[in-house]
Amino acid sequence: MQADNCPVQDIRARVPCRFWRGPVLEKARAALGMVLACRVGGIVQRGRIVEVEAYGGSDDPASHAFRRKTPRNTVMFGPGGVAYVYFIYGMHYCLNIVTGSQGEAAAILVRALEPLENITGRTDGPARLCAALGIDRQCNGLSLDSDTLWLETGDSPLPSHEIVQCPRIGINALSPAAQWPWRFLAKNSHHVSKPPCR
């Protein structure tokens with residue numbers, strides 16, 4: 001039984017947009033264990049975030065915002081707490097959580113979810129989870145506490161011993177950012193897109 005002086009955490013409480021207006025590496029770790037929710041019609045789908053990658057702005061050669069502001073990456077330059085959705089390989093969408101203050105251009109790529117509610121497709125990869133939840137460019141720039149797309153506290157923050165940190169996937173090996181340990185995974189999750197390198 002819960003003691004009267006120990007409040008029960010509301011795991012479905014929405015994460016306010018202002019939460020994301022901080023350093024991208026700190027917020028990437030905090031995203032693990034949160035629940036991503038998406039409303040399609042009258043159905044709400046939910047999945048626990050088990051894998052993310054952090055991307056900086058002009059200081060990160062692997063970031064879309066590394067060189068300059070463009071029509072594609074404009075959303076990244078706004079304040080944290082909105083969705084940055086981009087199209088890749090002419091067929092897939094990827095969802096990012098914009099972090100930081102106006103002009104910082106940092107974001108967290110959501111790479112994998114553990115399906116919790118009303119999800120039938122695979123979610124072990126950024127393109128797969130967007131397809132399963134019906135996330136596309138219409139979600140680009142959407143506030144992440146909207147009635148269409150939002151984040152819930154879930155069981156975040158995960159304790160440090162439950163988080164694996166390793167290099168990001170698909171970064172050019174010649175890039176100085178190739179070995180930056182900016183990928184974060186929930187330890188022992190069977191829903192990640194790819195096991196961490198040993």
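Just so it is clear, the values below take in all heavy atoms, side chains as well, and ignore hydrogens, waters and symmetry mates.
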Any donor-acceptor pair under 3.5 Å from [X] side chain to [Y] backbone:
{"X": "Ser63", "Y": "Gly56", "answer": "yes"}
{"X": "Ser146", "Y": "Ser143", "answer": "yes"}
{"X": "Asp59", "Y": "Gly57", "answer": "yes"}
{"X": "Asn96", "Y": "Ala107", "answer": "no"}
{"X": "Ser101", "Y": "Pro79", "answer": "no"}
{"X": "Thr74", "Y": "Thr70", "answer": "yes"}

Do you know which two heavy atoms are closest between [X] and [Y], and how far apart they sit?
{"X": "Glu152", "Y": "Trp150", "answer": "OE2-NE1, 2.9 Å"}
{"X": "Pro167", "Y": "Gln179", "answer": "CG-OE1, 3.6 Å"}
{"X": "Ala65", "Y": "Asn73", "answer": "CA-ND2, 3.8 Å"}
{"X": "Gly81", "Y": "Trp20", "answer": "N-CB, 3.6 Å"}
{"X": "Phe184", "Y": "Ala54", "answer": "CE1-CB, 4.4 Å"}
{"X": "Val52", "Y": "Ile49", "answer": "CG1-CG2, 3.5 Å"}

Taking side chain as C-beta onward, heavy atoms only, is [X] less than 4.5 Å from [Y]?
{"X": "Leu113", "Y": "Asp124", "answer": "no"}
{"X": "Leu95", "Y": "Leu149", "answer": "yes"}
{"X": "Tyr84", "Y": "Leu109", "answer": "no"}
{"X": "Val15", "Y": "Asp145", "answer": "no"}
{"X": "Phe77", "Y": "Glu104", "answer": "no"}
{"X": "Ser175", "Y": "Pro61", "answer": "yes"}
{"X": "Leu185", "Y": "Ile163", "answer": "no"}
{"X": "Val40", "Y": "Cys38", "answer": "yes"}

Can you tell me how far the [atom1] atom of [X] sits from the [atom2] atom of [Y], to the nearest 0.5 Å?
{"X": "Arg48", "Y": "Thr123", "atom1": "CZ", "atom2": "OG1", "answer": "12.0 Å"}
{"X": "Arg14", "Y": "Leu144", "atom1": "CZ", "atom2": "CG", "answer": "11.0 Å"}
{"X": "Arg137", "Y": "Phe87", "atom1": "CZ", "atom2": "CZ", "answer": "10.0 Å"}

**Request:** Please name the residue in the list Pro126, Pro196, Ser193 that meets the side chain to side chain contact (heavy atoms under 4.5 Å, CB included) test with Ile169.
**Result:**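 Output: one option passes, namely Ser193.
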With a 4.5 Å cut-off on side-chain heavy-atom distances among I, L, V, M, F, W and Y, is there a chain of contacts connecting [X] to [Y]?
{"X": "Ile108", "Y": "Leu25", "value": "yes"}
{"X": "Val110", "Y": "Ile135", "value": "yes"}
{"X": "Met34", "Y": "Val85", "value": "yes"}
{"X": "Ile88", "Y": "Met76", "value": "yes"}
{"X": "Val82", "Y": "Val24", "value": "no"}

Identify whether the distance between the nearest side-chain nitrogen and carboxylate oxygen of [X] and [Y] falls below 4.0 Å.
{"X": "Lys194", "Y": "Glu51", "result": "no"}
{"X": "Glu114", "Y": "Arg122", "result": "no"}
{"X": "Arg168", "Y": "Asp60", "result": "yes"}

**Prompt:** Going by the angle between their ring planes, with limits at 30° and 60°, are His64 and Tyr86 parallel, tilted or perpendicular?
**Reply:** perpendicular
**Item:** Within 6.0 angstrom of Arg18 CZ, more than 12 heavy atoms from elsewhere
**Value:** no
**Asked** Hey, is CD on Gln165 packed in by over 12 heavy atoms from elsewhere, all under 6.0 Å?
**Response**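 Counting other residues, nucleotides and ligands, CD of Gln165 exceeds 12 neighbours.
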**Prompt:** Apart from Leu116 itself, what residues make up its hydrophobic cluster, given side-chain heavy atom links below 4.5 Å?
**Reply:**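 Listed partners: Val35.
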**Request:** Please test Arg12 against Glu117 for salt bridge (charged side-chain N to carboxylate O under 4.0 Å, His left out), starting from the C-alpha separation and ending with a verdict.
**Result:** CA-CA 13 Å; Arg12 287 203 171 182; Glu117 186 177 349; 2.9 Å; yes
**Message:** With side chain to side chain donor-acceptor pair (under 3.5 Å) as the criterion, how do Gln45 and Arg39 come out once you've worked through the C-alpha distance, each side chain's angles and the decisive distance to 0.1 Å?
**Reply:** CA-CA 6 Å; Gln45 301 166 293; Arg39 187 188 307 276; over 6 Å; no
**Asked** Leu133 and Ile119: side-chain contact (heavy atoms from CB on, under 4.5 Å), yes or no, with the steps?
**Response** CA-CA 7 Å; Leu133 273 66; Ile119 296 176; 3.7 Å; yes
